[in-house]
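Some notes on the structure that comes next.
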Amino acid sequence: MRYDGRENDQLRPVNIIPGFLMHPAGSVLIQMGNTKVICTASVEEKTAAHLKGTGQGWVTAEYAMLPGSTATRKKRDSSRGKVDGRSTEIQRLIGRALRSVVDMEKMGELSLWIDCDVIQADGGTRTASITGAYVAMMLAFRRMKAMGMISEIPVRNAVAAVSVGIVDGQIRLDLPYEEDSRAEVDMNVVMTEAGELIEVQGTGEAHPFTRGQMDEMLALAEKGCMALYAVQRQALEAFEEEAPLEAEAPGSGEAKEKQEEESLTVVAATQNQHKLKEMRAIMEPFGMKVISQKEAGLENVDVEEDGKTFEENSYKKAREIMALSGRIAIADDSGLAVEALNGAPGVYSARFAGTDKDDDANNQKLLSLLEDEENRRAKFVSVVTMVYPDGRVLAARGECPGHLLRELRGDQGFGYDPMFVPEGFEETFGQLSSQVKNRISHRARALSRLEALLREEAGKER
Ligand code: UDP
């Protein structure tokens, strides 16, 4: 277990706030756990001296840590009277990383100055700088295009960076200072979204490492970067929606409404279209916009459901999707608990028959298991968990009691719906309309408890 409770292959919570400052052409605040970096991109209407007359532009970077960013005050270079070697090394890395994805010829004779200022350091400041700087750079290019300074955005690919290492003998992603400072092997990896490597800085600090370990670390870094591209994309999309160039001033009616709408956007941690549809139908009346993992750029993320309880699985899914998207995430874990089978299939409902999520095979298995069983009592259970980027967790359980038929009826719904008749009804969930199901289902009950919890939360904030 890591000291901050993360899994070895988990990033810290990432958040990119686009348009963080008003003056530069592009700016973001990037937060990776406790590491916070302001990245800006400023345009200068001339290229680097060595490129004058070539028609090519230049992208260059500077990096610094503010005095208050570290545990003991870091002296400014201006009062030390000399430039910090580490900063010089890091700023050259940031410049190289960004230049490798920019088509300098398409830029024309302009310079883009990227400034990365660490306001709080807790490991991985150089990698957070690169990941944030890419978004600041894109925002600047977008503005330059809108102003007619360039005809197209001269960027071939997204770039992001992450640290990996070996700590306590284990290969881990995204090291905070506590791990970075005692890492046996320490590595910073810069990659493009196409999966190409731009730079790998790896050091055997405590002992040498093997080629096999290096490959494992690179694979883990790639996984981390994939999640970071999604967060970058989302920041760029969010800013486009919130503040197009001709947008009205912030604080005005429409902009405010948009902001509120944005804060009520919830990513549903599910690949299941049926669940998504149900969540939408149930949550929309509460003013919440539920977007899919796909819409959040996380279609390839499949969180392993290896918990023993619905609560465990539901929390795990929401926690991970929140960490990857930087937004409120909602997850549901649900299943059927059959009294005569001591609560089975329970958390194994979706893969009861072995084949993953094959509804028909699952139903057939349950029908035959209960062939000679008189006790037909069963209940659907759903645990819905909402995890906020600030760490708050709301969890609610809903149950829908009923009984199981000896045959399948109806083609509405999914899973065990065609076998299950909810208490007080004659028809199965497979026959009842979705309006009825959404009113009485286990998920509806869990979501309405969740709504009560949300109201309580809102009361506390006031
Ligand atoms: N650090 C610090 N003071 C310094 C340099 C580094 O406190 O002058 C801390 C800081 O938390 C930083 C971490 O050490 O994030 C790791 O530093 P490193 O040089 O490995 O770079 P980073 O991981 O930040 O890219």
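Remember, it's 1-based here, ligands and their atoms both numbered in the order they're listed.
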Margin query: Are F414 and Q273 packed together at the side-chain level, in the sense that at least one heavy-atom pair is separated by less than 4.5 angstrom?
Written below: no
Notebook entry, point to check: Are the side chains of V155 and Y134 in touch, meaning some heavy atoms are under 4.5 Å apart?
Noted result: yes
Margin query: Using only atom types and a distance under 3.5 Å, with no angle test, would you say the side chain of S87 pairs donor to acceptor with the backbone of A64?
Written below: no
Check: Are E193 and R233 close enough for a salt bridge, meaning some N to O gap below 4.0 Å?
Finding: yes
Item checked: Sub-4.0 Å heavy-atom environment of ligand 1, residues by chain -> M65, T70, K74, R86, A121, D122, G123, G124, T125, R126, Y177, D180
Check: How are the rings of F380 and H442 set to each other: parallel, tilted or perpendicular (split at 30° and 60°)?
Finding: parallel
Notebook entry, point to check: Strictly by modelled atom types, are E311 and S314 linked by a side-chain donor-acceptor pair under 3.5 Å?
Noted result: no
